[in-house]
Amino acid sequence: LSFVRVRGLRELISRQFICSGPKGTSLQEYYQLNQLVHRRSAERLRDLCCANRGTFIKVGQHLGALEYLLPEEYTSTLKILHSRAPQSSMEEIRQVIREDLGKELSDLFIQFEEKPQGAASLAQVHKAVLPDGRTVAVKVQHPKVQRQSSKDIVVMEFLLQVVHRLFPDFAFMWLVEEAKKNMPLELDFLNEGRNAEKIADMLKQFKFLKIPKIHWDLSTKRILTMEFAEGGQVNDREYMRKHGINVNE
C-alpha cells in the first residue's frame, strides 16, 4: 500500500475515537473541535482520492453526494471531485485519440482547447471544432483507468474490510459492491452514448431538455464525441437564478 493509502486508513480509524471532547470542554467548544476534525479528515480523504485517482475519485464523488448521511465538511470538500479532479496531460489525450481513432488530433479537429471544460474520475472533456465548423465536446478517458480500476477495487475492499473489523458499525462495504457492478459499464463510453440516445427518445416531449447528439464516427469505448451545448450544472442554483430558471417547476 502506498503511504497515502495508509495515511488515509489511519485518518479514517482515528476519526472513530473522536466521540467526546477533552475533559472540561463546553458543548460549543466540542462542536467546533468536531468540525475541525471533520474538515481535516475530509481534506485528507480528498487528497487520498486525488493521489490514487481513477476508482478512488469515483468513490469520493459518491461520498460527496451523500448530503443526507455525511457531515457537511465531508460533502463540501469532496464535491470538487465531480469536476475538478486531477487532469491527464495533453500528450496523454493525444495518445488515447491516436490509439482509438487511428489519426492525429490535428487531423480530426481544426481547433481543440487544451484546457478541459472539466475533469472527473474516469475522463475529462475538451471543447473542439470539427472541419465542417460544428462545435463538439470530446470526452477522453484517462489512459490508465482501464487496467488500474480492478486493482483499485481490490485495495479499497481490503481497506474497508480492515476498518469494518475494527469498527463493526462502519457500514460502507456497499461502496465496493457498487464499484464492482458499475465500473465496467462506466468505462465503456459507447454504452454511455447508447444510453444518451435512449433518454433523448424517452424524453423527446420535453422541449426544454437538451440531450447532446452523439458523433459515432468519432466515438469509441474510451472516447465520446458529442454536440457541444452551453449550460450550467444541474445543482448550480446561482446559474439558474441568473437565467430565470424556476427550480421549483
Side-chain angles (χ1 to χ4, degrees), residues 53-55 57-58 61 65 79-149 182-236 238-240 242-245:
R53 307 180 71 166
T55 309
I57 291 182
K58 175 59 67 175
Q61 289 175 337
K79 272 182 180 177
I80 69 164
L81 298 176
H82 285 96
S83 60
R84 289 183 297 186
Q87 301 174 10
S88 292
S89 68
M90 268 308 297
E91 183 50 45
E92 289 174 320
I93 296 299
R94 289 191 183 93
Q95 184 63 28
V96 172
I97 290 175
R98 190 181 301 124
E99 291 174 355
D100 282 35
L101 297 177
K103 292 184 178 181
E104 294 296 329
L105 184 149
S106 57
D107 295 331
L108 299 168
F109 308 99
I110 60 173
Q111 184 179 333
F112 194 95
E113 292 186 1
E114 294 197 359
K115 182 179 180 181
Q117 297 285 307
S121 58
L122 306 182
Q124 60 194 54
V125 177
H126 292 263
K127 186 177 181 180
V129 179
L130 297 175
D132 62 9
R134 286 179 295 173
T135 303
V136 293
V138 186
K139 181 177 180 180
V140 184
Q141 194 172 114
H142 299 308
K144 299 177 183 177
V145 167
Q146 286 274 3
R147 62 176 179 268
Q148 190 64 34
S149 61
N182 294 323
M183 191 58 65
L185 296 174
E186 294 193 39
L187 288 171
D188 184 355
F189 290 175
L190 294 178
N191 181 63
E192 181 178 337
R194 288 190 292 267
N195 286 338
E197 289 193 339
K198 284 181 184 177
I199 294 296
D201 184 60
M202 292 168 59
L203 303 178
K204 58 187 177 184
Q205 68 272 26
F206 298 108
K207 303 303 180 183
F208 62 84
L209 184 63
K210 176 69 174 178
I211 298 177
K213 294 179 180 178
I214 307 299
H215 291 262
W216 290 109
D217 57 325
L218 294 173
S219 296
T220 68
K221 283 192 172 185
R222 295 195 298 170
I223 301 170
L224 186 63
T225 304
M226 67 204 91
E227 175 186 8
F228 186 88
E230 298 283 354
Q233 292 189 339
V234 69
N235 59 351
D236 189 346
E238 182 61 23
Y239 175 88
M240 295 184 184
K242 284 182 178 179
H243 292 80
I245 300 172

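Keep in mind that this is a model prediction, so the values were computed, not measured.
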If you look only at distance, which donor and acceptor atoms sit under 3.5 Å apart when one is on a side chain in residues 208-215 and the other is two or more places apart or in another chain?
unit_1 : atom_1 : unit_2 : atom_2 : d
K210   : NZ     : E227   : OE1    : 3.4
K210   : NZ     : E227   : OE2    : 2.9

Problem - Side-chain heavy atoms of Q95 within contact of P143, under 4.5 Å - result: no

Handout entry: Distance, nearest 0.5 Å, that separates CG of N195 from CD1 of I199
Key = 7.0 Å

Practice task
Indicate yes or no: at least one non-hydrogen side-chain atom of K144 is less than 4.5 angstrom from one of Q146.
Solution key: no

Handout entry: Side-chain touch M183/L122, heavy atoms, less than 4.5 angstrom
Key = yes

Practice task
May I ask you to say whether R222 pairs ionically with E99, meaning some side-chain N is under 4.0 Å from a carboxylate O?
Solution key: yes

Practice task
Taking all heavy atoms of L224 and all of G193, pick out the closest pair and write down the distance.
Solution key: CD1-CA, 4.1 Å

Problem - Residues which pass side-chain hydrogen bond (donor to acceptor under 3.5 Å, both in side chains) with D188, listed by chain and number, not counting sequence neighbours - result: none

Handout entry: Sequence neighbours excluded, every pair satisfying salt bridge (charged side-chain N to carboxylate O under 4.0 Å, His left out) that has a member inside residues 122-142
Key = K127-E230, D132-R134, K139-E192

Completion exercise
With sequence neighbours left out, the residues meeting ring pair (Phe, Tyr, Trp, His ring centres under 6.0 Å) with Y239 are H243

Tabulate below the donor-acceptor pairs under 3.5 Å that side-chain atoms of residues 106-116 make, not counting sequence neighbours, or state none.
unit_1 : atom_1 : unit_2 : atom_2 : d
E113   : OE1    : Q117   : NE2    : 3.3

Fill in the blank from the handout: What one should report as the nearest heavy-atom pair of D217 and L101 is O-CD2, 4.3 Å

Exercise for the section: Taking the side chain as every heavy atom from C-beta outward, state whether I223 and L218 have any atom pair closer than 4.5 Å. Expected result: no

Handout entry: Pair R94 + E104, salt bridge at N-O below 4.0 Å
Key = no

Problem - Nearest-0.5 Å distance, CE of residue M226 to CZ of residue F189 - result: 8.5 Å

Practice task
Please step through side chain to side chain contact (heavy atoms under 4.5 Å, CB included) for the pair K103 and R98, ending with a clear verdict.
Solution key: CA-CA 5 Å; K103 292 184 178 181; R98 190 181 301 124; over 6 Å; no

Problem - For E197, all residues meeting salt bridge (charged side-chain N to carboxylate O under 4.0 Å, His left out), sequence neighbours excluded - result: none

Practice task
Begin with the C-alpha distance, continue with both residues' side-chain angles, and end with the deciding distance and a verdict on side chain to side chain contact (heavy atoms under 4.5 Å, CB included) for I93 and H126.
Solution key: CA-CA 10 Å; I93 296 299; H126 292 263; 3.9 Å; yes

Exercise for the section: Using the test side-chain hydrogen bond (donor to acceptor under 3.5 Å, both in side chains), find all partners of S219 that sit at least two apart in sequence or belong to another chain. Expected result: none

Problem - Pairwise distance CD1(I97) to CG(L105) - rounded to 0.5 angstrom - result: 4.5 Å

Exercise for the section: With sequence neighbours excluded, tell me which residues meet side-chain hydrogen bond (donor to acceptor under 3.5 Å, both in side chains) with E238. Expected result: R241

Completion exercise
Note: V96 and Q141 closest approach over all heavy atoms is CG2-O, 3.8 Å

Handout entry: Set of residues satisfying salt bridge (charged side-chain N to carboxylate O under 4.0 Å, His left out) with respect to K204, sequence neighbours excluded
Key = D201

